[in-house]
Engineer: 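Mind looking over this structure? Questions follow.
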Protein chains: 2
Amino acid sequence: MNLKQLSHMLALSQTTVSRALNGYPEVNEETRRRVIDAAKRHGYRPNPSARRLATGKTGMIGYVLPTGTAVDIDPHFVEFLSGLGDYARSHELDLVLSPADADDQETTYRRIVANRQVDAVYISSPRPADRRVALVSTLGIPFIVHGRSEGLDFDYPFTDIDNEGAFHEAARLLIQLGHRRLALINGDDRETFAIHRERGVRRALAASGLALGEDHVCSLAMTEENGYRAARRLLEQSDAPTAITCSSLIMALGVVRAVRDLGLTIPGDLSLIAHDDVFPWLKPENFSVPLSTTRSSIRLAGARVAERLAARISGLEVGARGEVWPVDLVVRGSVAGAPA
Amino acid sequence: MNLKQLSHMLALSQTTVSRALNGYPEVNEETRRRVIDAAKRHGYRPNPSARRLATGKTGMIGYVLPTGTAVDIDPHFVEFLSGLGDYARSHELDLVLSPADADDQETTYRRIVANRQVDAVYISSPRPADRRVALVSTLGIPFIVHGRSEGLDFDYPFTDIDNEGAFHEAARLLIQLGHRRLALINGDDRETFAIHRERGVRRALAASGLALGEDHVCSLAMTEENGYRAARRLLEQSDAPTAITCSSLIMALGVVRAVRDLGLTIPGDLSLIAHDDVFPWLKPENFSVPLSTTRSSIRLAGARVAERLAARISGLEVGARGEVWPVDLVVRGSVAGAPA
DNA sequence: CGAAAAGACCAAAGCGCTTTGGAAGACTCT
DNA sequence: AGAGTCTTCCAAAGCGCTTTGGTCTTTTCG
């Protein structure tokens, strides 16, 4: 059932039927009702390919997915996607993932914009002076950055959490508890979130006249194994930290294992606070010693990003407003006063 | 730069240019070279919307993504996606995720087929007599099932691993080691993979005149917490198992925690074998006691599914061939002879 | 009461591609 | 030389929708 058939059946022109369906004003309300009714009864659904060709609108939002045998997609992605998908569904948006060579995403961005394959895109895991942000911005497609870049000479719309504030608070708490030697087990420090977290820890230390030693900060891909290695390295050195802040729950698993292997205890020998993105399948309260966390649901962020994308597509949102969400500090058993 | 401009510039008809570009035979090789050359030089890329409208081909593969606030996307998804994306990239395919109400995916399947939004779809986490498989099959869109359904009265193409064989082997090993009371901590037993795994364990036990007690099998969403709960429940009962087979590495984390909480040891008091889908961020060899596993890379499966989808789209693959991959049993420190 | 404005509808021109159904010229064959 | 065959190219008809630029009635109002 296409527009031609439907309009013929109603003895109306395609123009009028199309307008009736799309809510244009220049059609009699009585006629509109007839049209809508008939469309529903016959299950008429405009062909999206045709509509897209005519309007340029696709009803899709895009994401360039870096791939390659050596490239691992972040497990956070799936939670983000849950939120994004949930919102997208309610607004009849689909998400198209365009796989790209991790080292050349630009080509793919250009392609999806040139081809008008999507109405908007989002960018995640931004880095300082992120080229993707600059690119997408000049290409003129609506977009939202999940996270933040830095050192760009223009503003852009983003949704981020207060990583610096979160880790500042975490470190401050540890310092208040008497800890003097803090360490940070961080994610890849080429990404802004990691830089912000480190900044937060340093700022808290500096406020008490302390500093983060060069050998007290690790920056690695967020795997259990790297958490373990980092913790071993930190805890086996002469001025081992008495407290660790950690960028991920998965790394924290490794930290806990290292602590156990070394015959130490949490929080007796080591206090630990990790960032929790809120996974359904791994919860900080279920660690053998319940884990203190800085908590922020990445799923909510996904929903928010989708919401803003939808708003930008429909022109409801304009400008370059960045929003930063506060992060909860949730104290559980894994922190205690510094050992004597 | 569109076809019209390009053909005008070459003083050829759109027909000829189109044919030259798409490799049709009825065009002079000399002319073809000129056209291809000019197209490249001017960066001509056919507009996919237009091409789609004309041909019906989209260059996209679809996946219906169940969403909802109470619905968690499986973290395995991201690994599967890595493989799928990697292959898709090399074949210039995009992936479109269509979010759907988890309780009504049918509408979405019908929509994406009716609208010709994708060239093929894949289905994951199938259940016995899965309605999606039946639906997609009658809708007539090319598809591949990742996993298997059962009890359908027709054949369909799938790629699955030998879940039954894997868990059969795991259980057999444990029995050979003298274990008599085995337990199974399984995933959601409404899904076929879980059913097959249970079947494998039962078969191995039966071969030695043993059985899987009703209270020795748990079927839950695969979270750390559920792994913990299940293990507690199993290990605290009077005829506690001396060996556990477990459907996921994440659940195994919980099992290990439970064992520790109960003051037991692996493999002294309990042998443990879990299924490993091969995550980059959590490796069985890094468990405090290296974990024995049945191993199968879900990422490879993703690549294979993409490959088959591409083949079906281009007509290279037809028919309903199902393929079943063998699973490796990797023995590490977490298994030992049954306690005396 | 007549002119201007508003209301309701339509024919046709795109959007940019593929594909059908020729047509013109060059070649082969008898 | 005329008939048939290739080879090579083209004009034009879709694909199914939106939107422009009208036309023909009605209504409004000085």
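Chain A is the first sequence line, chain B the second, and so forth, proteins listed ahead of strands; every chain is numbered from 1. Note that the structure is predicted; figures quoted are calculated from it, not measured. Values reported hereafter were calculated over all heavy atoms of this structure, with side chains retained and with hydrogens, waters and symmetry mates removed.
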Engineer: Check the side chains of A:Arg89 and B:Thr67 for a donor-acceptor pair under 3.5 angstrom, ignoring hydrogens and angles.
Structural biologist: yes
Engineer: Classify the nucleic acid contact of A:Thr31 as base, sugar-phosphate or nothing, counting any heavy atom under 4.0 Å across all strands shown.
Structural biologist: sugar-phosphate
Engineer: Rounding to a whole Å, what distance do you find between A:Leu53:CG and C:dC17:P?
Structural biologist: 9 Å
Engineer: Phosphate oxygens OP1/OP2 of C:dC17: is one of them under 4.0 Å from a side-chain N or O of B:Asn47?
Structural biologist: no
Engineer: Under 6.0 Å between ring centres: does that hold for B:Phe77 and B:Tyr63?
Structural biologist: yes
Engineer: Does CD belonging to B:Glu92 count more than 12 external heavy atoms closer than 6.0 Å?
Structural biologist: no
Engineer: If the plane angle is over 60° it's perpendicular, under 30° parallel, otherwise tilted; pick one for B:Phe80 and B:Tyr122.
Structural biologist: tilted
Engineer: Any base atoms under 4.0 Å from B:Ala20, or only sugar-phosphate, or nothing? Heavy atoms, all strands.
Structural biologist: nothing
Engineer: On DNA chain D, nearest-nucleotide positions of B:Arg19 versus A:Ala50: which is more 5'?
Structural biologist: B:Arg19
Engineer: Under 4.0 Å between a side-chain N/O of B:Asn2 and OP1 or OP2 of C:dC15, yes or no?
Structural biologist: no
Engineer: Indicate whether the side chain of A:Ser49 and that of B:Arg116 have a donor and an acceptor atom separated by less than 3.5 Å.
Structural biologist: no
Engineer: So how far off straight is the helix from C:dC1-D:dG30 to C:dT30-D:dA1, going by the axes through five pairs at either end, to 10°?
Structural biologist: 50°
Engineer: Report yes if at least one side-chain N or O of B:Asn22 is closer than 4.0 Å to OP1 or OP2 of C:dT18; otherwise report no.
Structural biologist: yes
Engineer: According to the interplanar angle, ranging from 0 to 90°, do the rings of B:Tyr87 and B:His91 count as parallel (below 30°), tilted (30 to 60°) or perpendicular (above 60°)?
Structural biologist: parallel
Engineer: Taking OP1 and OP2 of C:dC9, is either one under 4.0 Å from a side-chain nitrogen or oxygen of A:Thr16?
Structural biologist: no
Engineer: Counting any heavy atom closer than 4.0 Å, what does A:Thr15 reach on the DNA or RNA strands: base, sugar-phosphate only, or nothing?
Structural biologist: base
Engineer: Does A:Ser18 put a side-chain nitrogen or oxygen below 4.0 Å from OP1 or OP2 of D:dT18?
Structural biologist: yes
Engineer: Measuring to OP1 and OP2 of C:dG7, would you say a side-chain N or O of A:Tyr24 lies under 4.0 angstrom away?
Structural biologist: no
